[in-house]
Amino acid sequence: MLKEALQYLIGLGNTEILTVATGQEYASQPVHLIKQPTPEALVVRNLSGLVDYLIHNYDDQPPVLVHVASPTQVDVFSTFNNDYNRNHLLRAEALLPRIAFGQFLDAEPFNILLQSCFVPNEARSVVLKVIGNIKEETVSNIGDDGVSQQVTAKTGVTTVENIVVPNPVSLKPFRTFVEIEQPESEFVFRMKSGPSAALFEADGGAWKLTAIARISEYLQGALEDEIKGGKVTIIA
């Protein structure tokens with residue numbers, strides 16, 4: 001047993017590369033790749049930080065690839081190393097508020113959510129007006145035909161009327177980097193007694209493609225000289 005073990009260990013040190021008639025190469029012993037170490041990506045929280053990094057740190061460096069991976073993430077990679085892997089140099093991750101789509105909230109938290117996490121536009125003003133003027137004691141009188149709804153709300157100092165809840169609504173929540181214009185998309189706005197309200201995304205995720213295109217456009221402009229000089233390539 002000891003003799004066989006010693007012979008096995010000796011054989012490990014005599015690995016040969018064999019070439020067969022087809023030109024393929026084989027090793028006489030199992031071999032394992034020793035991978036080239038790669039650095040851990042530096043993380044920044046906005047596009048401005050990514051742009052500053054590339055402008056001020058890459059005068060004498062090899063070209064880099066900037067990949068707009070999603071509306072909330074942009075990665076910077078080096079060229080291929082000896083293992084045909086790319087060094088992941090930097091990642092920009094957007095800091096965004098948590099928005100509870102598809103979840104019913106009481107009127108007051110919903111009001112605060114609209115004011116703090118959505119860019120002002122006409123539709124937001126309309127929804128805020130509905131939420132802010134609901135007569136709580138008569139919300140149970142909501143009428144619903146499956147698409148539009150009616151609620152009892154104040155329409156004047158002393159006037160109370162049934163008003164139609166707008167649906168769908170085009171809103172601009174903060175869902176991507178603050179340096180670019182937030183994409184506007186449609187939402188189904190629903191209410192129920194309580195009173196409570198909810199927003200349901202209704203554009204099939206098309207806003208993500210718009211956001212990615214705007215991020216790419218922003219980077220193209222901010223890194224124009226670096227792109228022309230062959231130092232940066234941007235893909236989305």
Side-chain angles (χ1 to χ4, degrees), residues 43-51 68-74 91-136 139 142-156 161-219 221-222 236:
V43 178
V44 296
R45 297 300 183 181
N46 51 40
L47 296 178
S48 302
L50 183 148
V51 169
V68 185
S70 74
T72 60
Q73 180 177 321
V74 180
R91 173 186 293 131
E93 294 179 348
L95 279 177
L96 298 171
R98 180 183 178 276
I99 303 177
F101 294 123
Q103 178 180 337
F104 280 90
L105 300 175
D106 290 341
E108 186 63 19
F110 188 82
N111 185 305
I112 294 171
L113 177 72
L114 282 175
Q115 295 190 63
S116 62
C117 298
F118 288 72
V119 178
N121 68 355
E122 183 178 353
R124 192 193 76 156
S125 299
V126 172
V127 175
L128 282 172
K129 185 176 181 179
V130 172
I131 290 294
N133 290 292
I134 292 175
K135 293 290 290 182
E136 185 170 0
V139 169
I142 289 177
D144 189 356
D145 63 4
V147 178
S148 60
Q149 293 180 301
Q150 286 187 347
V151 296
T152 303
K154 293 183 293 183
T155 57
E161 297 179 6
N162 288 332
I163 62 173
V164 176
V165 176
N167 199 18
V169 290
S170 296
L171 298 170
K172 301 171 69 174
F174 287 102
R175 293 181 288 185
T176 187
F177 294 94
V178 295
E179 289 95 336
I180 69 169
E181 182 183 354
Q182 300 299 307
E184 184 174 275
S185 59
E186 289 194 341
F187 293 85
V188 174
F189 174 42
R190 302 294 290 174
M191 300 186 64
K192 63 182 182 180
S193 58
S196 61
L199 291 171
F200 298 84
E201 295 181 272
D203 75 336
W207 72 269
K208 296 179 181 179
L209 299 179
T210 301
I212 289 173
R214 289 179 181 176
I215 293 170
S216 178
E217 182 180 354
Y218 172 89
L219 294 175

J.: CG/L50 to CZ/R45 distance, rounded to the nearest 0.5 angstrom?
T.: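 Spacing of CG (L50) from CZ (R45) equals 13.0 Å.
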J.: Do M191 and V130 pass the side chain to side chain contact (heavy atoms under 4.5 Å, CB included) test, and can you show the C-alpha distance, the side-chain angles, and the key distance before you say yes or no?
T.: CA-CA 10 Å; M191 300 186 64; V130 172; 4.0 Å; yes
J.: Going by the rule ring pair (Phe, Tyr, Trp, His ring centres under 6.0 Å), which residues pair with F101 if we only count those two or more places apart in sequence or in a different chain?
T.: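 F101: ring pair (Phe, Tyr, Trp, His ring centres under 6.0 Å) contacts with F187.
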J.: Can you list everything that forms a side chain to side chain donor-acceptor pair (under 3.5 Å) with D203? Sequence neighbours excluded, please.
T.: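 Here no residue qualifies.
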J.: Taking all heavy atoms of E186 and all of S170, pick out the closest pair and write down the distance.
T.: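 For E186 and S170, the tightest heavy-atom pair comes out as CG-OG, 3.7 Å.
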J.: In chain order, what residues pass the ring pair (Phe, Tyr, Trp, His ring centres under 6.0 Å) check against Y218, with sequence neighbours excluded?
T.: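 Partners of Y218 under the ring pair (Phe, Tyr, Trp, His ring centres under 6.0 Å) test: none.
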J.: Who passes side chain to side chain donor-acceptor pair (under 3.5 Å) against K172, sequence neighbours left out?
T.: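 By the side chain to side chain donor-acceptor pair (under 3.5 Å) rule, K172 matches E181.
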J.: Within this structure, what is the OG-CD1 distance for the pair S116 and I112, rounded to the nearest 0.5 Å?
T.: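 Between S116 OG and I112 CD1, I get 7.5 Å after rounding to 0.5 Å.
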J.: Contact between L105 and S196 at the side-chain level, heavy atoms closer than 4.5 Å - yes or no?
T.: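 Not touching, per the 4.5 Å side-chain cut-off.
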J.: Ignoring hydrogens, what is the shortest heavy-atom contact between R190 and F200? Give both atom names and the distance.
T.: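 Looking at all heavy atoms of both residues, the closest pair is CG-CE1, 4.0 Å.
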J.: Step by step, would you call L47 with V178 a side chain to side chain contact (heavy atoms under 4.5 Å, CB included)?
T.: CA-CA 8 Å; L47 296 178; V178 295; over 6 Å; no
J.: Applying side chain to side chain donor-acceptor pair (under 3.5 Å), name anything that partners N111, two or more places apart in sequence or on another chain.
T.: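 Only Q115 meet the side chain to side chain donor-acceptor pair (under 3.5 Å) criterion with N111.
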J.: Holding to side chain to side chain donor-acceptor pair (under 3.5 Å), I want the full list of residues that pass it with E217, two or more places apart in sequence or in another chain.
T.: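 With neighbours one apart ignored, the set is empty.
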J.: Any sub-3.5 Å donor-acceptor pair from R124's side-chain atoms to L114's backbone N or O?
T.: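 Looks like yes, one N/O pair under 3.5 Å.
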J.: Are L199 and V188 side-chain neighbours, meaning at least one heavy-atom pair lies under 4.5 Å?
T.: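 A side-chain contact is absent here, since even the closest heavy-atom pair is not under 4.5 Å.
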J.: State, to 0.1 Å, how close F189 and V127 come at their nearest heavy-atom pair, and which atoms those are.
T.: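 Smallest interatomic distance, heavy atoms only, reads CZ-CG1, 3.7 Å.
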J.: Output all residues satisfying side chain to side chain contact (heavy atoms under 4.5 Å, CB included) with N46, sequence neighbours left out; order by chain, then residue number.
T.: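 Counting only residues at least two positions away or on another chain, N46 forms a side chain to side chain contact (heavy atoms under 4.5 Å, CB included) with S48, E179.
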J.: Would you mind listing every salt bridge (charged side-chain N to carboxylate O under 4.0 Å, His left out) that reaches into residues 95-109, with sequence neighbours excluded?
T.: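 Sorted result for residues 95-109: empty, none.
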J.: Using every non-hydrogen atom in the two residues, find where F177 and Q182 come nearest and quote the distance to one decimal.
T.: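 Nearest pair, atom of F177 first, then Q182: O-NE2, 3.2 Å.
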J.: Check for a donor-acceptor pair, side chain of T176 on one end and backbone N or O of P71 on the other, with a separation under 3.5 Å.
T.: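 Present.
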J.: Which atoms form the tightest heavy-atom contact between P183 and P173, and what is the distance?
T.: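 Scanning both residues, the minimum pair turns out to be O-CD, 4.4 Å.
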J.: Which atom pair, heavy atoms only, marks the closest approach of A236 to I212?
T.: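 Closest pair (atom of A236, atom of I212, distance): CB-CG2, 3.6 Å.
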J.: Applying ring pair (Phe, Tyr, Trp, His ring centres under 6.0 Å), can you list everything that pairs with F118, at least two apart in sequence or on another chain?
T.: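 None.
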J.: Inspect the contact between E93 and R91 and indicate whether a charged nitrogen and a carboxylate oxygen are less than 4.0 angstrom apart.
T.: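 Looking at E93 together with R91, the answer is yes, because their closest N to O distance falls below 4.0 Å.
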J.: Is there a side-chain contact between V169 and V126 in this structure, where contact means two heavy atoms from C-beta onward sitting under 4.5 Å apart?
T.: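 Answer no - side chains too far apart.
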J.: For R175, enumerate each residue passing the salt bridge (charged side-chain N to carboxylate O under 4.0 Å, His left out) test, keeping only those at least two apart in sequence or located in another chain.
T.: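 For R175, the residues satisfying salt bridge (charged side-chain N to carboxylate O under 4.0 Å, His left out) (neighbours in sequence not counted) are E201.
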